[in-house]
Amino acid sequence: MRWASVATVVGCAVVTLVCVAAAARGRTWALVPGLVAAAIGFRELRALQRGVR
């Protein structure tokens, strides 16, 4: 298991949640970095799943 990838997924999840919370409070610009962080986290998660097999 690559711990750097795990840290990336966790970090992206935190950033995504913060951006969603900011967007819910009326800051719609926060959706853009939130979507980018979610995409990066999803890509790393898929890479981790491929590495396990």
Side-chain angles (χ1 to χ4, degrees):
M1 179 176 296
R2 295 180 310 187
W3 291 107
S5 291
V6 173
T8 301
V9 171
V10 171
C12 286
V14 169
V15 170
T16 301
L17 289 175
V18 168
C19 288
V20 167
R25 296 187 66 164
R27 293 171 174 84
T28 56
W29 58 266
L31 290 175
V32 174
L35 288 174
V36 171
I40 292 170
F42 183 71
R43 181 180 55 100
E44 285 294 322
L45 185 63
R46 296 288 295 160
L48 279 172
Q49 288 175 345
R50 279 193 306 265
V52 169
R53 294 181 194 169

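FYI, side chains are in, hydrogens and waters are out, and symmetry mates aren't considered; it's all heavy atoms of this structure. The first residue of the sequence shown is numbered 1, and numbering continues consecutively from there. Keep in mind that what you see is a predicted model, and the values were worked out from it rather than measured.
Between the CZ atom in Arg46 and the OG atom in Ser5 there is a gap of 14.0 Å [rounded to 0.5 Å]. Separating the CG atom in Leu31 from the OG1 atom in Thr16 is a distance of 11.0 Å, to the nearest 0.5 Å.
Closest approach of Val9 to Gly41, counting heavy atoms only: CG2-O, 3.8 Å. Closest heavy-atom contact between Ala30 and Ala23: CB-N, 4.1 Å.
The cluster map of Ile, Leu, Val, Met, Phe, Trp and Tyr, joined by side-chain heavy atoms under 4.5 Å apart, puts Trp3 and Leu48 in the same cluster.
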